[in-house]
Amino acid sequence: DTGVSQDPRHKITKRGQNVTFRCDPISEHNRLYWYRQTLGQGPEFLTYFQNEAQLEKSRLLSDRFSAERPKGSFSTLEIQRTEQGDSAMYLCASTYGRGEKLFFGSGTQLSVL
Amino acid sequence: AQSVTQLDSQVPVFEEAPVELRCNYSSSVSVYLFWYVQYPNQGLQLLLKYLSGSTLVKGINGFEAEFNKSQTSFHLRKPSVHISDTAEYFCAVSDPGTASKLTFGTGTRLQVTL
């Protein structure tokens with residue numbers, strides 16, 4: 001069990017630029033989740049995949065956000081035309097079975113200048 | 001819709017003292033309840049969970065929590081804390097049908113000092 005890994009750990013970008021984050025879940029986990037955490041708040045659900053199918057998206061996920069999980073393995077989260085309000089920690093988590101325990105990565109900290 | 005309230009944003013405590021971190025939830029349906037811990041520069045880790053059955057659940061690192069349906073609470077306790085317990089603690093709730101889709105509280109910073 002090598003854990004959930006996220007890349008990059010930190011990303012600084014200018015407003016209007018596109019950014020992409022990657023998440024590698026634990027290998028046998030079929031469900032993958034993206035959460036967003038802002039300073040002083042708990043993580044908020046963004047979207048989740050079961051294998052390669054994206055089953056649910058939060059209303060927080062505007063049209064500028066897109067996520068993929070090709071072949072049910074790693075996942076990417078892309079933010080187009082970034083805004084300062086997108087600055088946050090983006091967390092990835094994975095699980096299996098009934099999904100009663102999430103395994104979280106260390107997150108990608110996005111700063112939009 | 002579900003929601004979680006963590007009443008204390010920070011809890012300072014001396015080492016070896018007991019601690020209770022409070023969590024209240026609101027939901028119109030049955031729930032699963034969780035406590036996660038976040039150490040600096042690390043991902044969140046599951047401390048314990050309540051799914052059904054006994055209302056007193058024990059977790060890792062000597063923590064326990066009690067589910068109280070009438071008070072809609074799930075307070076976290078430890079009888080004697082250690083410096084290494086300094087971290088951010090998050091209470092979370094989910095619908096049993098979507099166990100991993102969690103609604104988190106805003107967190108409680110536990111600061112343990114000598």
Side-chain angles (χ1 to χ4, degrees), chain A residues 1-10 21 23-26 29-51 53-61 75 88-109, chain B residues 1-10 21-26 30-53 57 59-60 67 74 76 87-110:
Chain A
D1 177 356
T2 57
V4 177
S5 62
Q6 292 187 246
D7 185 69
R9 291 294 303 274
H10 304 274
F21 311 139
C23 170
D24 286 272
I26 295 171
H29 287 184
N30 62 336
R31 297 190 196 182
L32 185 148
Y33 292 74
W34 286 98
Y35 284 80
R36 179 172 66 188
Q37 185 177 15
T38 53
L39 201 60
Q41 301 296 315
E44 295 173 300
F45 169 80
L46 292 179
T47 188
Y48 93 94
F49 293 83
Q50 181 156 307
N51 300 312
Q54 187 174 19
L55 295 187
E56 188 172 347
K57 294 197 297 185
S58 163
R59 288 171 294 173
L60 294 174
L61 217 60
S75 176
M89 176 76 82
Y90 290 84
L91 301 172
C92 177
S94 68
T95 189
Y96 62 95
R98 290 170 53 86
E100 295 151 2
K101 178 178 180 180
L102 280 177
F103 295 78
F104 282 85
S106 298
T108 293
Q109 180 67 54
Chain B
Q2 299 168 331
S3 66
V4 175
T5 302
Q6 292 185 246
L7 299 169
D8 306 300
S9 60
Q10 294 187 59
L21 305 184
R22 296 180 293 171
C23 171
N24 287 86
Y25 69 93
S26 66
S30 60
V31 295
Y32 287 172
L33 291 157
F34 306 82
W35 277 97
Y36 278 81
V37 60
Q38 188 173 35
Y39 298 104
N41 300 314
Q42 295 187 29
L44 288 94
Q45 300 173 33
L46 180 66
L47 267 182
L48 49 79
K49 60 187 177 185
Y50 170 79
L51 306 181
S52 66
V57 292
I60 61 172
F67 170 57
F74 191 56
L76 181 70
E88 190 86 20
Y89 291 78
F90 292 94
C91 182
V93 64
S94 74
D95 182 315
T98 54
S100 303
K101 183 187 169 188
L102 301 173
T103 299
F104 284 89
T106 52
T108 297
R109 171 75 178 171
L110 176 63

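Residue numbers begin at 1 in each chain, while the letters A, B, ... track the order of the sequences.
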Practice problem: Could you tell me which of A:Pro43, A:Gly105, A:Ser106, A:Cys92 has the largest number of non-hydrogen atom pairs under 4.5 Å with chain B? | Solution: A:Pro43
Quiz item: Angle class for the B:Tyr32/B:Phe34 ring planes (parallel below 30°, perpendicular above 60°, tilted otherwise)?
Solution: perpendicular
Quiz item: Between A:Leu91 and chain B, which part of the residue has a heavy atom less than 4.5 Å away: side chain, backbone, both or neither?
Solution: side chain
Quiz item: Considering only heavy atoms, which portion of B:Lys101 lies under 4.5 Å from any heavy atom of chain A: side chain, backbone, both, or neither?
Solution: both
Quiz item: Non-hydrogen atoms of chain A under 4.5 Å away: do they reach the side chain of B:Gln38, the backbone, both or neither?
Solution: side chain
Self-check item: Distance, nearest 0.5 Å, that separates CG of A:Leu60 from CD of A:Glu44
Solution: 5.0 Å
Self-check item: Toward chain B, the part of A:Tyr48 with a non-hydrogen atom under 4.5 Å
Solution: neither
Quiz item: What's the spacing between A:Gln109 CD and A:Met89 CE if we round to 0.5 Å?
Solution: 4.5 Å
Practice problem: Count the heavy atoms belonging to other residues, nucleotides or ligands that lie under 6.0 Å from CD1 of B:Ile60, then report whether that count exceeds 12. | Solution: yes
Exercise. Compare every heavy atom of B:Thr103 with every heavy atom of B:Val4, then report the nearest pair and how far apart it is.
Key: CG2-O, 3.5 Å
